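For reference, the structure discussed in these notes is given below.
Sequence lines set the chain letters: A, B, ... in the order given, protein chains first and strands last, and positions in each chain run from 1. What you see is a predicted model; the values in this text were computed from it and never measured.
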Amino acid sequence: MPEPAPRARLKLRRPPPPREWPWAKWLIVGTVLSYLGVLVLWPLLAVLRGAFAEGLGPFAMVFTDPVVLRAFGLTVGIALIAVTVNGVFGLIIAWVLVRDSFPGRALLNGVIDLPFVVSPVIVGYMVLLLFGRDGWLTPLANALGTRVAFALPGMVLATVFVTLPFVTRELMPVLREIGTEGEDAAGTLGAGGWTVFRRITLPGVRWGLAYGLVLTLARALGEFGAVLVAGGAVTGRTETATLFIYRSLDERHYTEAYAAAVTLGAVSFAILFGMELVRRRRDASR
Amino acid sequence: MSIQLDGLNKRFADFAAVDDVSLEILDGELFVLLGPSGSGKSTVLRIIAGLIQPDAGRVRLHGRDVTRLPPQARNVGMVFQNYSLFRHMTVGENIEFGLEVRRVARPARRARRDELLELIDMAGLGDRYPAQLSGGQMQRVAVARALAFDPSVLLLDEPFGALDVRIRSQLRRSLKRIQRHMAVTTVLVTHDQDEAFELADRIGVIDHGRLLEVGSPEQLYRRPRTEFVARFLGNAVLLNGRLDAGVVRLGALELGRAGGLDEEGDSDSGVAVMLRPEDLAVASRREALDAPTMGPALVRAVEFRGALARLEVDLEPPPGVRSLDADFGAAAIPIEVVMLPSELERDPVRAGARAWLGVRAYHVLPRTVRQVQLCVHEAFQQRALAGVLRRMGEMENLALRVLGLGDTAERASEQLERARAAAPPGRRWDFEARVGADWLDESLRDLPRGNVDLVVTQAEAPDVADRLARLAPIPVLILKGARASMERALLCTAAGEPGKLDVVVGARLVRRLRARATLLHVVRASGEPAAASDLVLRHLEMGANTLRGQGIDCDTKVRHGDVVSEILAEATAGEYDLIVVGGHLAGGRRGEAERDLAALVAAAADRSVLVVRGPLP
């Protein structure tokens, strides 16, 4: 048995006492508050002031105007279609990316994020390239008897594309985290594929899915560039709420613009609030 | 017969997870599959459940072949390692799930649920959610859920693994009670031998995907047939004994006639002698021993444990005796002894004292057979081939697989015939032709897991030796040069501690070659502080002790300078026949690219090199 080595004594010094900067905390908090104030609160107040400068009158005027109603209806309609389509396909894409392995998976995984980096204006332009005059797919659309470019289908297509990643990106980590053991367990208990999906998988990812859908909805409601280019912003036909606000400002109808902006803003605020609730449920269910 | 497994095989990417497992489990039996982690036991369970498809083999449940059926159609209850309770359902809904998908009417479901809640001592807790339960409760709910629909068998995957040690034994009893009550055939997978002992009617020990032994707990503990089972179940020291005309000998000590060992006709063959702690006795005087004397030992510790006393002693290896588990750093054999406190009271033995070790009982089992793969290719010189085959013919407990390698079937079988002709008669070795463009790739294919202990081939060209040294995932002996003798071996350690693996694996080969060993450490000329040399000397001495404990004549040497060139210089100066280097021997000063020193030595040496890599077998 070899002797243990004699241990050299380390020279130890007391660690320096922590330095106290009581004002540093308030400096940081103050910076954050003023930054957000300038960036968020100030413009918000300006819009509110503009909207209510003439009382509630403009609101009544705006929401009896068929053009405005049409614009808001269009926005909500497109957003709901985008939420539905991306809810279904986002779930399928996330499933495939997490659970299956196939050649080109990494590539597909990268492609999913494309809508995040491509400017919406370019997305609208792509729709025109495909479905505009002399577009590659125009003959197909004509054969089906529909118009895509400068019409609702084109705007839906552009919005769906722009909002594609939200559901998938929200669901992928959740799917990865719940794993397959619950599904395997349900399988050994005798449940078939559809039952397993309906009773085990879907409830397992429901809050992640809900969060993804809310993000999709918020993004679709606020979309501007893609629907502008793909739809052409024809008043009363392909003009969405954001496009209406832009035109009103352009034509110096400030009160109408502010009123519409406040309405859209209120919807966004409600969504933000709902999002926070869903996010808490989602985090709690993990 | 409730469960019949027949020749199950399952390979994952690069290893055999399940290797030819056949097993029959009786009605109502609680069968425990026991093995270390990664041994493939959970894979077997998942194959029974239908969650994994075997590559080959059949699964029969109550006589019905279910091999190709999905889990849904097998009527198997499974409890997963993390229980996998459905978190969005209540305890009651979880338990009822299996009945619900079988369309059992609600009142019947309710009744069954309440009955099971009662059985698992959780009556009235059916409305809780899994998140509100303790770990032990979740486990019991998982068991109840798996039993609700009267499955034909119950499968449990490490059901106590995620639980607090304190509540485990209580839950084990509860599980056993439930299992007996339901009389359901059960397979439980675990790595915990206490669990296996407490629960099992029978145990199957699995390692590297192979089912090694099946038997009652007592049978496997008292009379194992493999070294692995002897070590894995309980404490045991395994010594090299000899079986001489039916009489077991440990060195000069004659233990008696071998019982239980299959007489394989060898009149004089090596066997393993297993000594459990309770098989041994320690006494202060030789005359006081009531058992055959093994030899003098140093008592290192004495612990009083109530019903028993536990002693740790170091046995001076008697001439010709060595431990089959080389313990790094010491020549003495560490042994655990368990005695009755009353025995120690009569003859007190204290820590630090010299005492005598006696053998009251023993068990003899065959030695583990080492698997060697000899790769014969075109450039393998006939003289070297004949030499290596003759040498291996003299070695005991060695199974040789000869690979004939060539780029066409014709050339491969040509190589094989050449080896067959040179092989000594009377050994049953495997011969296999393997066709491939690159003989080196073919040699190393299928190696990673447990099947082969050593690869042997010849490679004179530096680039080939370099590739072999870098790519072999297990120890590889690269034959080089024209020397016929294998009498002197140089074991190299450098750049840090001498690797335990290199010394242990190197020792195994050196001992079989009956060679002498020199343990060499190269201190880098610059950079290494002088204070390190004390440490180096101590480590060298420990390595040398390990070798001496294995009965190898060994000395030590220290050189200063560049690691590779000093190793090669010493090899030439000392006329060594074999250089042993560890594969982890990577070096290079800060900022330099890391060099694989083992590969450099293998490439540059003009004599045989053993490169040691991989997990300790």
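- Only the side chain of B:Arg102 comes within less than 4.5 Å of a heavy atom in chain A; its backbone stays farther off.
- The contact between A:Thr195 and chain B is made entirely by side chain atoms (from C-beta outward), counting heavy-atom distances below 4.5 Å.
- If you measure heavy-atom distances from B:Asn82 to chain A, the contacts under 4.5 Å come from both the backbone and the side chain.
- Note on ring orientation: taking the six-membered ring where Trp is involved, the planes of B:His88 and B:Phe86 are tilted (angle from 30° to 60°).
- Chosen from B:Gln81, B:Met78, B:Glu100, the residue pairing most often with chain A at heavy-atom distances under 4.5 Å is B:Glu100.
- Heavy-atom distances place both the backbone and the side chain of B:Arg145 under 4.5 Å from chain A.
- A donor-acceptor pair shorter than 3.5 Å can be found between the side chains of B:Arg68 and B:Gln53.
- Interface residue A:Arg199: backbone and side-chain heavy atoms are both found under 4.5 Å from chain B.
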Taking it one step at a time, do A:Phe116 and A:Phe166 satisfy ring-ring contact (aromatic ring centres under 6.0 Å, His included)? CA-CA 9 Å; A:Phe116 274 152; A:Phe166 291 107; 5.4 Å; yes
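- In A:Tyr35, the OH atom is not crowded: 12 or fewer heavy atoms of neighbouring residues, nucleotides or ligands sit closer than 6.0 Å.
- When only modelled atom types and interatomic distance are considered, A:Thr216 and A:Asn86 share no side-chain donor-acceptor pair under 3.5 Å.
- Ranking A:Ile178, A:Thr180, A:Thr188 against chain B, the residue ahead of the rest is A:Thr188, based on heavy-atom pairs under 4.5 Å.
- Under the side chain to side chain contact (heavy atoms under 4.5 Å, CB included) test applied with B:Met182, the options B:Leu154, B:Val143, B:Leu119 reduce to a single match, B:Leu119.
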